[in-house]
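Because the structure is a prediction, the values reported are computed rather than measured.
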Amino acid sequence: MKLPLFIASAATALTLGTASVADQVLASDPQSLVNFFFNNGYPAQLTTDAVGDPMVEYRLNGSKEVLFFYDCEDNTDCLAVQFYSGYQLDNSVSLERINEWNSGDRRFIRAYLTDDGAARIEMDVATSADGISERDFNDLLSLWIDRMAEFEEFIGW
C-alpha cells in the first residue's frame, strides 16, 4: 500500500529529525563538544575563559589548543564557538604577510597580529540553538587543522 506523499514526507522528516538530534554538537551544551573531541581521538577538557564563558581545551598533535564560546548569556546558552591558535615568533610576521594570508581563498579563517607581534588565527562556527551535525563539525575541524598547518608553514613556524 502506498502512503500519500505528504504522509510519507512527514514520516521521513520525523525519522530524520530524530536521528540527527542524537549527533548534534551545540555551543549551548559544551559537554557535547568535549564528547565530540574525545570520540574523535582528541583528549579534551571543559574549562572556563577569563570572563567565565565555557572553553574547551583539546590536544592536537601534542599541542594544547582551545575552543572559545561566544554569544553566551550569563556564561551559558552560547550560540557559537571559535577555533583559535596563537604563535609567538622570534621574528615577527609583517602586516603585509598577514594581509596576504587573509586575501587568499581562506574565507573561513582569519589571521591578525597582536600588539606584541604575535600572530593569531581564528575560525568562528555558529551552532545556533539547534546545533550542527557531528559530521559537519568534523569537516570544519578538518578544515581548521589543514589551515593551521598551512598558516604555520606560511609564517615559518
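- Using a 4.5 Å cut-off on side-chain heavy atoms (C-beta onward), Met123 and Arg147 make no contact.
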Stepwise, does the side-chain hydrogen bond (donor to acceptor under 3.5 Å, both in side chains) test hold for Asn35 with Gln31?
-> CA-CA 6 Å; Asn35 295 344; Gln31 190 62 46; 2.9 Å; yes

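- In this structure the side chain of Leu79 never reaches within 4.5 angstrom of the side chain of Tyr70, judged on heavy atoms.
- In the displayed structure, Asp116 atom CG is contacted under 6.0 Å by more than 12 heavy atoms of other residues, nucleotides or ligands.
- In this structure, Gln24 and Ser32 have side chains that are not in contact, with every pair of non-hydrogen atoms separated by 4.5 Å or more.
- Contact of the Met148 side chain with the Ile121 side chain is registered, since non-hydrogen atoms from C-beta on lie closer than 4.5 Å.
- In this structure, the ring of Phe151 has its center less than 6.0 angstrom from the ring center of Tyr87.
- Within the structure, side-chain hydrogen bond (donor to acceptor under 3.5 Å, both in side chains) contacts touching residues 100-109 (residues at least two apart or in different chains) are Arg97-Glu100.
- Tyr84 is linked by a ring-ring contact (aromatic ring centres under 6.0 Å, His included) to Phe68, counting only residues two or more places apart in sequence or in another chain.
- There is no path of hydrophobic side-chain contacts, each under 4.5 Å, that joins Ile145 to Val66.
- Looking at Cys78 and Pro54, their side chains come closer than 4.5 Å, going by heavy atoms from C-beta outward.
- Here the side chains of Phe108 and Asp124 are not in contact, with every heavy-atom distance at 4.5 Å or above.
- Side-chain contact between Thr114 and Arg120 is present, with heavy atoms from C-beta onward closer than 4.5 Å.
- Between Leu113 atom CG and Ser94 atom OG the span is 8.0 Å, to the nearest 0.5 Å.
- Listed by chain and number, the residues in a ring-ring contact (aromatic ring centres under 6.0 Å, His included) with Phe83 are Phe137, Trp144 (sequence neighbours excluded).
- Each of Val56, Thr127, Thr76, Thr48 was scored for a side chain to side chain contact (heavy atoms under 4.5 Å, CB included) with Phe69, with one residue passing: Val56.
- In the hydrophobic cluster analysis, where Ile, Leu, Val, Met, Phe, Trp and Tyr join through side-chain heavy atoms closer than 4.5 angstrom, Val25 is grouped together with Tyr42.
- A donor and an acceptor atom, one from each side chain of Glu122 and Tyr112, are located under 3.5 Å apart.
- Residues Leu26 and Leu33 form no side-chain contact, since every pair of their non-hydrogen atoms from C-beta on lies 4.5 Å or further apart.
- Residue Leu67 is grouped with residue Leu140 when hydrophobic side chains (ILVMFWY) are merged at heavy-atom distances under 4.5 angstrom, including chains of intermediate members.
- Both Val81 and Phe37 sit in one connected hydrophobic cluster of ILVMFWY residues. Membership requires side-chain heavy atoms under 4.5 Å apart, directly or through other members.
- In terms of heavy-atom proximity, Ala44 sits nearest to Phe38 at O-CE1, 2.8 Å.
- A continuous path of Ile, Leu, Val, Met, Phe, Trp and Tyr side chains, each step under 4.5 Å between heavy atoms, connects Leu95 with Leu89, placing both in one hydrophobic cluster.
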